[in-house]
**Student:** 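Following this message is one structure expressed as structure tokens.
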Amino acid sequence: MSDAFRPKSDFLATLIERGFVHQCSDFEGLDEKARSGELVAYVGFDCTAPSLHIGSLLPITLLAWLQRTGGKPLPLLGGGTTRVGDPSGKDESRKLLSIETIEANKASIKTVFEKFLSFGDGKTDAVMLDNAEWLTKLNYIDFLRDVGRHFSVNRMLSMDSVKLRLEREQELSFIEFNYMCLQSYDFVEIAKRYGASLQMGGSDQWGNIVMGVDLGRRLGTPQLYALTSPLLTTSSGAKMGKTAAGAIWLDGSMLAPYEYWQYWRNSEDADVVRFLKLFTFLPLGEIAKLAALGGAEINEAKKILATEATALLHGREAAERAAETARRTFEEGALSLTLPKVAVPASEVVAGIGVLTAFVKAGLVASTGEARRQIKAGGLRVNDAAVTDEKAILGETDFAEGVAKLSLGKKKHVLLEQVSE
RNA sequence: GGGGGAAUGUCCCGAGCGGCAAAGGGGGCGGACUGUAAAUCCGCUGGCUAUGCCUUCGUAGGUUCGAGUCCUACUUCCCCCA
């Protein structure tokens, strides 16, 4: 990033201050555009899974800031491009998904954006796009004549995403190679249809985005811009959004708000300030105060991070509830009935459930074998009492108030809830 | 078209004289220490109705008391020659 550059627009000033910017094709030009109040920008999202995960949060937040600073955000679902597969940053070819799967994913992903953006017909209202709309209608010959002639294979071969695969002598199929052409074409198409002049994305998208900027110039669109956010890792270098339990999904039905809250609560010390700037809308002044906290006090900042981040995604109420559940569970050591629950028929309780099975049912362990191992390691507890006998049976006495609290380690708790069938 | 390699525990990388549930990492999980942190140390890291049984080493056959290991065919990937 250029040191001499002083942003005059709220949009760029905010993004830079908060650490969202990795690269930009033209800071001055984009700044000017943003100041004019006519900035329309889009970010593309893959539809490879039924929910986006934390990795997509940064680009979503970019769109949200754009809207808050007077721009018009266009989230784009890659209904068309997902059928092709992006090679960027991947070592191996991605499996092709069926069209039905993509459509289903698309429907389920859409809902996330409504949490962060306000949609409508107004000037700064967000509009949801889907590139299937124009990509699937493309005619191959026309595309080659009109667009294909502007792509230099020499240049594409020199792009990092391609070069890497070639250097490692890994397969790069023709359709993956075409992905970037389609993405470039998207940019131009969206510029024409919706007046977008900026495409944002993660730093791995830089090459693809800049190619779109170029294509726009050749096809005579107004000046286009590229802006990328840094690839996020935790301070210890781990990629964000992956845990053993799986990805940190944004969809509440795939990851409960309480678990989402916990994810942020467990951030490393060194990440807290950075995350507050990126994943909450708290004013920088307030974040600075939290940054001053040292030692164990930083836990307060983590709670605020967790609650604010959760509130953005799942709503204030759910966030407060998660915070309260955590407070009761961790700080009071009390049984909180709002922990994640798994239902068990009363008849099974009366008959007695083996501990091993119970933990598998609760989803805390993957198999009875793992349950056995965890018992040996001292990692399982029922109602806060360590499980020592793998043959133990949970019966009615363990279900005080109809629930039994099962814990794995110190942080993961699930309630088995007795229900009459 | 010809010749030569390679595919290992469904997270990844990677050893593996014919007796192998298979070395070693990384990652992950649990324990100790802490602050629901990091670092460090320790343990675990196929499944099950479990002193036993079942399923794993690209796919399918074969040799053998016994195959990840040997043979054959096939699939995929890589290298060299054309």
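Naming: A, B, ... by sequence-line order, numbering from 1 per chain.
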**Student:** Using OP1 and OP2 only, check whether a side-chain N or O of A/Thr329 sits under 4.0 Å from B/U36.
**Tutor:**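 Looking at the OP1 and OP2 atoms of B/U36, neither is under 4.0 Å from any side-chain N or O of A/Thr329.
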**Student:** Parallel, tilted or perpendicular: which describes the rings of A/Phe275 and A/Trp264, with under 30° parallel and over 60° perpendicular?
**Tutor:**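 Perpendicular, since the angle between the ring planes exceeds 60°.
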**Student:** Could you work out the separation of B/U51 and B/C41 based on their C1' atoms and round it to a whole Å?
**Tutor:**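 About 33 Å, rounded to a whole number of Å.
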**Student:** Have a look at A/Leu250 and tell me which of A/Leu313, A/Ile109, A/Thr111, A/Leu255 forms a side chain to side chain contact (heavy atoms under 4.5 Å, CB included) with it.
**Tutor:**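 That would be A/Leu313.
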**Student:** If we call it a pair only when both distances are under 3.5 Å in a Watson-Crick or G-U wobble match, what pairs with B/G1?
**Tutor:**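 WC or wobble partner is B/C81.
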**Student:** Would you mind reading off the distance between A/Asp271 atom CG and B/A37 atom P, rounded to a whole angstrom?
**Tutor:**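 Atom-to-atom, A/Asp271 to B/A37, this comes out as 14 Å.
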**Student:** In whole angstrom, give me the gap between the C1' atoms of B/U36 and B/G52.
**Tutor:**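 Rounded to whole Å, the distance is 41 Å.
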**Student:** For A/Tyr260 and B/U36, give me the distance from atom OH to atom P, rounded to whole Å.
**Tutor:**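 Nearest whole value for this atom pair: 22 Å.
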**Student:** Measuring from the side chain of A/Arg373 (C-beta onward, heavy atoms only), which nucleotide among B/U36, B/A38, B/G46 has the closest atom?
**Tutor:**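 Closest nucleotide among those given: B/G46.
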**Student:** Taking only N and O in the side chain of A/Lys412, is any of them less than 4.0 Å away from OP1 or OP2 of B/G30?
**Tutor:**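 So the side chain of A/Lys412 is within the cut-off, an N or O lying under 4.0 Å from OP1 or OP2 of B/G30.
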**Student:** Under a 3.5 Å limit for both distances, which nucleotide forms a Watson-Crick or G-U wobble pair with B/A22, could you say?
**Tutor:**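 For B/A22, the partner nucleotide comes out as none, under the 3.5 Å rule.
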**Student:** Near RNA chain B, counting only heavy atoms under 4.0 Å, which residues of residues 338-365 of chain A show up?
**Tutor:**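 Heavy-atom cutoff 4.0 Å gives no residues at all.
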**Student:** Are more than 12 heavy atoms from other residues, nucleotides or ligands located less than 6.0 Å from atom NZ of A/Lys303?
**Tutor:**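 Atom NZ in A/Lys303 is crowded, with more than 12 foreign heavy atoms closer than 6.0 Å.
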**Student:** If I take atom CG in residue A/Leu290 and atom C1' in nucleotide B/G35, what distance separates them, rounded to the nearest angstrom?
**Tutor:**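 Nearest whole value for this atom pair: 16 Å.
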**Student:** Would you mind pulling out the nucleotide paired to B/A6, Watson-Crick or G-U wobble, both distances under 3.5 Å?
**Tutor:**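 Across any shown strand, B/A6 pairs with B/U76.
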**Student:** Of A/Arg372 and A/Ser267, whose closest RNA chain B nucleotide lies nearer the 5' terminus?
**Tutor:**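 Here A/Ser267 is the residue nearer the 5' end.
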**Student:** State whether A/Lys411 places a side-chain N or O below 4.0 Å from either non-bridging phosphate oxygen (OP1 or OP2) of B/A37.
**Tutor:**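 Yes, within the criterion.
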**Student:** Nearest whole Å is fine: how far is B/U49 C1' from A/Ile393 CD1?
**Tutor:**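 Rounding to the nearest Å, CD1 of A/Ile393 and C1' of B/U49 are 12 Å apart.
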**Student:** Quick one: classify the glycosidic conformation of B/C20 as syn or anti, with syn meaning within 90° of 0.
**Tutor:**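 Syn for B/C20; the angle stays within 90° of 0.
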**Student:** Expressed in whole Å, how much space separates the P atoms belonging to B/A37 and B/U49?
**Tutor:**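 One P to the other, the span is 33 Å.
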**Student:** How far apart are the C-alpha atoms of A/Gln199 and A/Gln183, what are their side-chain angles, what is the distance that settles it, and do they pass the side chain to side chain donor-acceptor pair (under 3.5 Å) test?
**Tutor:** CA-CA 10 Å; A/Gln199 181 184 174; A/Gln183 190 171 333; 3.1 Å; yes
**Student:** Provide the Watson-Crick or G-U wobble partner of B/G68, both distances under 3.5 Å; none if there is no partner.
**Tutor:**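 The base-pairing partner of B/G68, which may sit in any strand shown, does not exist here.
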**Student:** Nearest whole angstrom, please: distance from the C1' of B/A38 to the CD of A/Glu297.
**Tutor:**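 One finds 18 Å between C1' of B/A38 and CD of A/Glu297, rounded.
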**Student:** May I ask which nucleotide in the shown strands pairs with B/A15, Watson-Crick or G-U wobble, both distances under 3.5 Å?
**Tutor:**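 The answer is none; no pair meets the criterion.
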**Student:** Searching all strands shown, indicate the nucleotide that pairs with B/U49 (Watson-Crick or G-U wobble; both distances under 3.5 Å).
**Tutor:**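 The answer is none; no pair meets the criterion.
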**Student:** Please give the distance between the C1' atoms of B/G4 and B/C48 as a whole number of Å.
**Tutor:**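 It works out to 44 Å between them.
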**Student:** Starting at atom CD of A/Glu370, determine the distance to atom C1' of B/C44, rounded to an integer number of angstrom.
**Tutor:**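 Value for this atom pair: 9 Å.
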**Student:** Would you please test A/Leu63 and A/Leu117 for side-chain contact (heavy atoms from CB on, under 4.5 Å) and show each step?
**Tutor:** CA-CA 8 Å; A/Leu63 289 176; A/Leu117 302 168; 4.0 Å; yes
**Student:** For A/Pro230 and A/His22, work out which heavy atoms get closest and say how close.
**Tutor:**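 That closest heavy-atom pairing would be N-CB, 3.5 Å.
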**Student:** I'd like to know whether A/Lys110 forms a salt bridge (Lys or Arg N to Asp or Glu O under 4.0 Å) with A/Glu114, so could you lay out the CA-CA distance, the side-chain angles of the two residues, the decisive distance to 0.1 Å, and finally the verdict.
**Tutor:** CA-CA 7 Å; A/Lys110 271 185 186 172; A/Glu114 285 153 19; over 6 Å; no
**Student:** Sticking with atom P, work out how far B/U69 lies from B/U56, rounded to a whole angstrom.
**Tutor:**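 Their P atoms lie roughly 13 Å apart.
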**Student:** Please give the nucleotide sitting opposite B/C44 as a Watson-Crick or G-U wobble pair, both distances under 3.5 Å, or none.
**Tutor:**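 By the stated definition (distances under 3.5 Å), B/G28 pairs with B/C44.
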**Student:** Sort out the partner of B/C57 for me: Watson-Crick or G-U wobble, both distances under 3.5 Å, none otherwise.
**Tutor:**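 In the structure as shown, B/C57 has no Watson-Crick or wobble partner.
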**Student:** Distance check: side-chain N/O of A/Thr368 vs OP1/OP2 of B/U49, anything under 4.0 Å?
**Tutor:**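 Yes, A/Thr368 has a side-chain N/O under 4.0 Å of OP1/OP2 on B/U49.
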**Student:** For the side chain of A/Lys302, starting at C-beta, report the closest nucleotide among B/U36, B/C44, B/A37.
**Tutor:**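 Selected nucleotide: B/A37.
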**Student:** Ignoring the backbone of A/Ala296, work out which of B/U36, B/G35, B/G46 is nearest its side chain.
**Tutor:**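 From the listed options, B/G35 comes nearest.
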**Student:** Using the P atom as the reference point in each nucleotide, state the distance between B/G68 and B/G58 in Å, no decimals.
**Tutor:**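 Pairwise P distance, B/G68 against B/G58, rounds to 10 Å.
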**Student:** Can you figure out which of B/A37, B/G35, B/G47 approaches the side chain of A/Asn299 most closely?
**Tutor:**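 Between B/A37, B/G35, B/G47, the one nearest the side chain of A/Asn299 would be B/G35.
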**Student:** Check residues 278-287 of chain A and write down every donor-acceptor pair under 3.5 Å in which the side-chain atom is one partner and the other belongs to a residue at least two apart or another chain.
**Tutor:**
{"from": "A/Thr280", "atom 1": "OG1", "to": "A/Leu276", "atom 2": "O", "distance (Å)": "2.6"}
{"from": "A/Thr280", "atom 1": "OG1", "to": "A/Leu282", "atom 2": "N", "distance (Å)": "3.3"}

**Student:** Could you walk me through whether A/Ser407 and A/His413 pass side chain to side chain donor-acceptor pair (under 3.5 Å), step by step?
**Tutor:** CA-CA 4 Å; A/Ser407 314; A/His413 309 282; 2.9 Å; yes
**Student:** Round to a whole Å and report the spacing from CG of A/Asp269 to P of B/G35.
**Tutor:**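 Rounding to the nearest Å, CG of A/Asp269 and P of B/G35 are 12 Å apart.
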**Student:** How many Å lie between CD1 on A/Ile298 and P on B/U36, as a whole number?
**Tutor:**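 The distance from CD1 of A/Ile298 to P of B/U36 comes to 13 Å, rounded to the nearest Å.
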**Student:** Mind running ring-ring contact (aromatic ring centres under 6.0 Å, His included) on A/Phe119 and A/Phe113 for me, showing each step along the way?
**Tutor:** CA-CA 9 Å; A/Phe119 288 80; A/Phe113 293 98; 7.3 Å; no
**Student:** Map A/Arg265 and A/Ala366 onto RNA chain B by nearest heavy atom, then report which one ends up closer to the 5' terminus.
**Tutor:**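 Closest to the 5' end, via its nearest nucleotide, is A/Arg265.
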**Student:** So, does the side chain of A/Lys410 form a donor-acceptor pair with the base of B/U34 at under 3.5 Å?
**Tutor:**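 Indeed there is one.
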**Student:** Expressed in whole Å, how much space separates the C1' atoms belonging to B/C54 and B/G28?
**Tutor:**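 My reading of the C1' atoms in B/C54 and B/G28 gives 26 Å.
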**Student:** Between B/C78 and B/G24, how far apart are the two P atoms, rounded to whole Å?
**Tutor:**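 32 Å, rounded to whole Å.
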